[in-house]
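This report refers to the structure that appears directly beneath it.
Residues take their numbers from the sequence shown, with the count starting at 1.
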Amino acid sequence: MTAEASQAGSPAGPAADGLRPLRIALLTYKGNPFCGGQGVYVRHLSRELARLGHRVEVIGAQPYPVLDEGYDGLSLTELPSLDLYRQPDPFRTPGRDEYRDWIDALEVATMWTGGFPEPLTFSLRARRHLRARRGAFDVVHDNQTLGYGLLGDVGAPLVTTIHHPITVDRQLELDAAEGWQRRLSVKRWYGFTRMQKRVARRLPSVLTVSGTSRQEIVDHLGVRPDRIHVVHIGADTDLFSPDPAVPQVPGRIVTTSSADVPLKGLVFLVEALAKVRTEHPDAHLVVVGKRPTEGPVAQAVQRYGLEGAVRFVKGISDAELVDLVRSAQVACVPSLYEGFSLPAAEAMATGTPLVATTGGAIPEVAGRDGETCLAVPPGDAGALAAGLGRLLGDADLRTRLGTAGRERVLRHFTWARAAEGTVARYREAIARSAGPERRGPVGPERRVPAGPGQRREAGPERRPSTGPDQRPPAADLDRPALQAPGSSVVAVERPALQGPGSSVVAVDGPALQGPGPSAVAVDGPALQAPVPSAVAVERPALQSPGPSAAGLGRAAVSNPGSDRSAVPGPGVDRGAADPDRVAAPSPGLSVAAEGTAGGGAPAGAGSGIGGGSLEESPTTGGARTGGAPTGVSASHATAPPEATPTRTTGVYRESRSTC
């Protein structure tokens, strides 16, 4: 279905909870269910919400979500990006005829300068789409976009799922980076996390998948604990179930690794396999994921002579994945950190015994050591080898742990439970939005930056009164902006003043001008778009191909017929402004401010970033990662009663695959 999807009314009759069915917009900026937990989450949650009697419209960008068929009220609306990371030509430069608006120009310019643009640009497109369809939805559910465009009025109450803070991934990759160039590349790629931090702090209702992730969201993103609610995710227990007809393969160990990144811990599992094979020569490893051609895992396989004992598979169907897990004598989750671990829940649901680390929320899913799994410290190849060898050599232990593991998943981690808990939070958000308007503080108090020719005085914030020569104020978004008739405004943390005949987005400091000439200021930077265009990103300056330019940070880049300055407009008192913010530009000027909201990819990221399927090893295969709902706990709960989640100092979370 295209963006002109039908706006059918709510399904007839009450929902499963006896109340009015809801019209739900479920947003996902990436939806591939075969590569990354976010796509798995959207697929299964949308299906279960439809089963409960609600109308669910999934709104997503490439790679588009894959939804289950045969459910009334479940539909897909495509909100296309430029798909810059698609296979077989990731990091491509689009042709001039592909540009549709300034958002496209921003997307390309951010990629050109090494950042990842999709969370920001999808949020801006989604905002425009949702506002055009005001009244079509009872609630909007964002699946971890966390973009500036979703702040303020999106036409319905907003509920947001944060599977885990991406700042965790960023830190682990920085810890593993070698050399200043790689570290700089990683920092630039993860530039969008600054935006996500700011957005997360301003969200009224956040869902997350585990108690461990809840604490990380508090610690890393600064979200108030009372706004975060745990709704556990899990497995499709109808699909992932035991089947005695599938024979077990002696010595088979199965694991899932969506990306060759340090936090997945695959290199430790390869090292452990080498140790295990000294006592169990038939031990071998099947990895559901992409075969790395270089890097630590490829080097470890070669170093230990395991080319014939480690196999990677990709592109397999759900049924083939389930049979692969059933055929294993042991399933393993070697991750240094997980915000939930869907592969652990799926393996347990099939009755396959599990060896798992205690990284992050894994114990919350897997349970206690010796009862429902064997638990080992993260990053310890010797402990992994001991656990694997113990299970391979003890059939009775495998049977006991496999049976107990499935029972645990059935009690706590099903998609039906996840959907029920999510609907409860939807109804709370709707009820809250229907009550008296409240403007409780969402973060540190912010001050309105000085406009052209103005000085900002210390003391309480002052708002201009509406006079005969002034425009009426726009909607109050914790720091409002002034809006001209016939235009739209997003005021986010640092509002801007807008002139007649244009639209403004003030995003944490700078201003964004609508179709134009237009300028985009996102988390500091300004963009003159579309073609000729310019983007201000972090520090250096870059002259981009074609009639566009990118300025990184304080450096300014000019285009023909325009004036870019890193200096505030005349009359602006820099001393009165926040030291890390740029005041609104004076007429005729765009200000290049610090920071960025996203961009392309780090050097060396390679073709693993696209929107396609994983590359194949000797057999068919497919990649799945953790991250999807099941089981509900109270908003302050951290785990089911049996679980003993632990936090691992210095090691962090599930990898976020950009496919």
Between Leu52 and Glu420, does the side chain to side chain contact (heavy atoms under 4.5 Å, CB included) criterion hold? Intermediate values first, please. CA-CA 8 Å; Leu52 293 177; Glu420 291 165 0; 4.2 Å; yes

After noting the C-alpha distance and the side-chain angles of Val139 and Val159, does the key distance pass the side chain to side chain contact (heavy atoms under 4.5 Å, CB included) rule? CA-CA 7 Å; Val139 66; Val159 174; 4.1 Å; yes

Applying salt bridge (Lys or Arg N to Asp or Glu O under 4.0 Å) to Asp236 and Arg43, what does each step give before you reach the verdict? CA-CA 11 Å; Asp236 183 344; Arg43 176 186 175 186; over 6 Å; no

List the steps and the verdict of salt bridge (Lys or Arg N to Asp or Glu O under 4.0 Å) for Arg214 and Glu364. CA-CA 12 Å; Arg214 181 178 184 272; Glu364 211 169 321; over 6 Å; no

Test log, rule side chain to side chain contact (heavy atoms under 4.5 Å, CB included), inputs Leu203 and Val199: CA-CA 7 Å; Leu203 296 173; Val199 172; 4.2 Å; yes

Arg125 vs His129, test: side chain to side chain donor-acceptor pair (under 3.5 Å). Steps then yes/no. CA-CA 6 Å; Arg125 294 183 183 106; His129 180 82; over 6 Å; no

Before giving the answer on side chain to side chain contact (heavy atoms under 4.5 Å, CB included), spell out for Leu120 and Phe192 the whole-Å C-alpha distance, their side-chain angles and the decisive distance to 0.1 Å. CA-CA 8 Å; Leu120 172 62; Phe192 68 92; over 6 Å; no

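With sequence neighbours excluded, the residues satisfying salt bridge (charged side-chain N to carboxylate O under 4.0 Å, His left out) with Arg427 are Asp17. Applying the side chain to side chain donor-acceptor pair (under 3.5 Å) test to Ser81 and every residue at least two apart in sequence or in another chain returns Gln62.
Thr255 OG1 to Leu266 CG: the interatomic distance, rounded to the nearest 0.5 Å, is 6.5 Å. Interatomic distance, OG1 of Thr256 versus CG of Leu342, reported as 8.5 Å (0.5 Å rounding). Summarising the geometry, atom OG1 belonging to Thr358 is positioned 9.5 Å from atom CG belonging to Asp369; distances are rounded to the nearest 0.5 Å. Separation of atoms CG (Leu124) and CG (Leu150) is listed at 8.5 Å; rounding is to 0.5 Å. In this structure, CG on Asn143 lies 10.5 Å from CD1 on Ile162, to the nearest 0.5 angstrom. The line from CG of Leu79 to CZ of Phe122 is 5.5 Å long, rounded to the nearest 0.5 Å.
In terms of modelled atom types and a separation under 3.5 Å, the side chain of Ser241 and the main chain of Thr237 share no donor-acceptor contact. Using modelled atom types, no side-chain atom of Ser213 and backbone atom of Val209 make a donor-acceptor pair closer than 3.5 Å. Arg127 places a side-chain N or O within 3.5 Å of a backbone atom of Leu151 that can act as its donor or acceptor partner. A donor-acceptor pair under 3.5 Å links the side-chain atoms of Gln196 to the main chain of Thr145, judged by distance alone. A donor-acceptor pair is defined here as one N or O able to donate and one able to accept, closer than 3.5 Å; no such pair exists between the side chain of Arg55 and the backbone of Arg23. Looking only at distances, no side-chain donor or acceptor of Arg406 sits under 3.5 Å from a matching main-chain atom of Met348. Counting only distance, with no hydrogens or angles, the side chain of Gln144 and the backbone of His164 share a donor-acceptor pair below 3.5 Å.
Here the side chains of Val218 and Val223 are not in contact, with every heavy-atom distance at 4.5 Å or above. With contacts defined as side-chain heavy-atom distances shorter than 4.5 Å, the pair Leu401/Leu391 qualifies. Side-chain atoms of Lys30 and Pro63, non-hydrogen and from C-beta on, do get closer than 4.5 Å to each other. A 4.5 Å side-chain heavy-atom check between Ser327 and Gln248 finds every atom pair outside the cut-off. The shortest distance between side-chain heavy atoms of Glu320 and Val313 does not fall below 4.5 Å. Put simply, the side chain of Val423 reaches to within 4.5 Å of the side chain of Leu49, judged on heavy atoms. Using a 4.5 Å cut-off on side-chain heavy atoms (C-beta onward), Leu388 and Leu269 make contact. With contacts defined as side-chain heavy-atom distances shorter than 4.5 Å, the pair Arg417/His232 does not qualify.
Counting all heavy atoms, side chain and backbone alike, His229 lies closest to Ser205 at CD2-OG, 3.8 Å. Ser257 approaches Val287 most closely through the heavy-atom pair CB-CG1, 4.0 Å. In terms of heavy-atom proximity, Pro363 sits nearest to Arg408 at O-NH2, 4.1 Å. Between Pro21 and Gly13, the shortest heavy-atom contact is CG-O, 2.9 Å. Contact record, Arg133 with Thr77: NH1-OG1, 4.4 Å, taken as the closest heavy-atom pair. For the pair Cys332 and Pro334, the tightest heavy-atom approach, listed with the atom from each and the gap, is O-CD, 3.6 Å.
Ring geometry for His141 against Tyr426 counts as perpendicular: the plane angle is over 60°, on a 0 to 90° scale with 30° as the lower cut.
Side-chain polar atoms of Thr350 and Thr352 form a donor-acceptor pair below 3.5 angstrom. For the residue pair Tyr190/Glu173, the side-chain donor-acceptor check at 3.5 Å is satisfied.
Annotation: salt bridge (Lys or Arg N to Asp or Glu O under 4.0 Å) contacts involving residues 381-390, sequence neighbours excluded, are absent.
Checked for salt-bridge contact, Glu428 and Arg425 meet the test: a charged N lies under 4.0 Å from a carboxylate O.
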